[in-house]
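To start, the structure itself, in structure tokens.
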Number of protein chains: 2
Amino acid sequence: MNDVFLADCRARLAFDLMANTWNPVVLWALREGPLRPAELRRRLGGISTKVLTETVRRLEFNGLVSRRDCGRTAKVEYSLTDLGTTLLAPIEAFGEWAFRYGDEVMAAQDEAARFRDLA
Amino acid sequence: MNDVFLADCRARLAFDLMANTWNPVVLWALREGPLRPAELRRRLGGISTKVLTETVRRLEFNGLVSRRDCGRTAKVEYSLTDLGTTLLAPIEAFGEWAFRYGDEVMAAQDEAARFRDLA
DNA sequence: CTGTATCCTTATAGATACTG
DNA sequence: CAGTATCTATAAGGATACAG
């Protein structure tokens, strides 16, 4: 993988899937099985119903999540598709990275912020 | 790594580093050594000078990239810090994913788009 | 060549209220 | 409970022109 990486739009495509606040976290939250919207919201923390719906629709559009309407209203479940499941490993790689190096990033931010104050 | 993943803000921090169009690609472009801004722009494709500067400043702020002013004007180099280098592996994981599954994503998009047209 | 300064368009996200 | 509808705020990205 050389500079195809930069040229090939498939790489861009993968990054675009991560280039948003909720996509990766929603995929991760669904890793163990289907969830209903309310439960999903609880796990995600401060996400509004509107943003959750948008996010899930986006993931559905990209083939990563499927929506199942079991019954009629108020009986909905979201789950990972097979394709969505393949994204868990890369996502986890970032999670692991965060646990190892998150402190260093925050330290760098503090440093940069202090420097900015001095200037 | 259970639901700490969702609660711990360090995970958010890592995702935020990816949650933007240019951050990951710039890091990747710098993987083999320092680059001057003009060369960096060439490798990235359609990025404006303004956006490149913003991106690189952001990465600098987070301790992932360092700017070296060799001489005075028009003699600048950007390179990965040690911390920035640790992000290459997770980024590559997404690149690999894209090459394996990018076609499936695009197929899903086409499918969804067609379905939308019918509806 | 590097970087800043404007201006503009769009997407994301959040808050809130409301419908089935 | 699921989802839509508004409205608002903000940030990202892009185009372009200009300064050091």
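All figures in this text were calculated on a predicted structure; none of them were measured in a lab. Lettering follows sequence order; numbering is per chain, from 1.
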Nearest whole angstrom, please: distance from the [atom2] of [N] to the [atom1] of [X].
| X | N | atom1 | atom2 | result |
| --- | --- | --- | --- | --- |
| A:E54 | D:dA2 | CD | P | 17 Å |
| B:L59 | D:dA12 | CG | P | 12 Å |
| A:D16 | C:dT12 | CG | C1' | 14 Å |
| B:N20 | D:dA11 | CG | C1' | 11 Å |
| B:R41 | D:dG13 | CZ | C1' | 14 Å |
| A:I47 | C:dT12 | CD1 | C1' | 11 Å |
| B:E60 | C:dT2 | CD | P | 15 Å |
| A:L40 | D:dA2 | CG | C1' | 12 Å |

Of the nucleotides [options], which one has an atom closest to the side chain of [X]?
| X | options | value |
| --- | --- | --- |
| A:V51 | C:dG14, D:dA2, D:dA12 | C:dG14 |
| B:T21 | D:dG13, C:dT2, C:dT12 | D:dG13 |
| B:R36 | D:dG13, C:dT2, D:dA2 | C:dT2 |

Item to complete: For atom CG of B:D82, decide whether the heavy atoms of other residues, nucleotides or ligands shown that lie under 6.0 angstrom number more than 12.
Response: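 No.
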Can you name the side-chain hydrogen bond (donor to acceptor under 3.5 Å, both in side chains) partners of [X], sequence neighbours left out?
| X | value |
| --- | --- |
| B:T21 | none |
| A:W22 | none |
| B:T81 | none |

Worksheet item: Step by step, would you call A:E54 with A:R57 a side chain to side chain contact (heavy atoms under 4.5 Å, CB included)?
Response: CA-CA 5 Å; A:E54 286 173 350; A:R57 293 269 185 281; 5.8 Å; no
Discussion item. Just to verify, what does B:Y101 make a ring-ring contact (aromatic ring centres under 6.0 Å, His included) with, not counting sequence neighbours?
Written reply: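 B:Y101: ring-ring contact (aromatic ring centres under 6.0 Å, His included) contacts with B:W97.
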Practice prompt. Using heavy atoms to find the nearest nucleotide of DNA chain D for B:T55 and A:Y78 separately, return the residue whose nucleotide is more 5′.
Written response: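 On the 5' side of the pair lies A:Y78.
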Item to complete: Scan for salt bridge (charged side-chain N to carboxylate O under 4.0 Å, His left out) pairs involving residues 17-28 of chain A, sequence neighbours excluded, and state none if there are none.
Response: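 Every candidate salt bridge (charged side-chain N to carboxylate O under 4.0 Å, His left out) pair involving residues 17-28 of chain A fails, so no pair, neighbours aside, qualifies.
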Discussion item. Looking at D:dA11, I'd like to know if its phosphate oxygens (OP1 or OP2) sit under 4.0 Å from a side-chain N or O belonging to B:W22.
Written reply: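 It does not, given that no N or O in the side chain of B:W22 lies less than 4.0 Å from OP1 or OP2 of D:dA11.
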List, with names and distances, any nitrogen or oxygen atoms from the protein found under 3.5 Å away from nitrogen or oxygen atoms belonging to nucleotides 4-8 of chain C.
unit_1 : atom_1 : unit_2 : atom_2 : d
C:dT4  : O4     : B:T49  : OG1    : 3.0

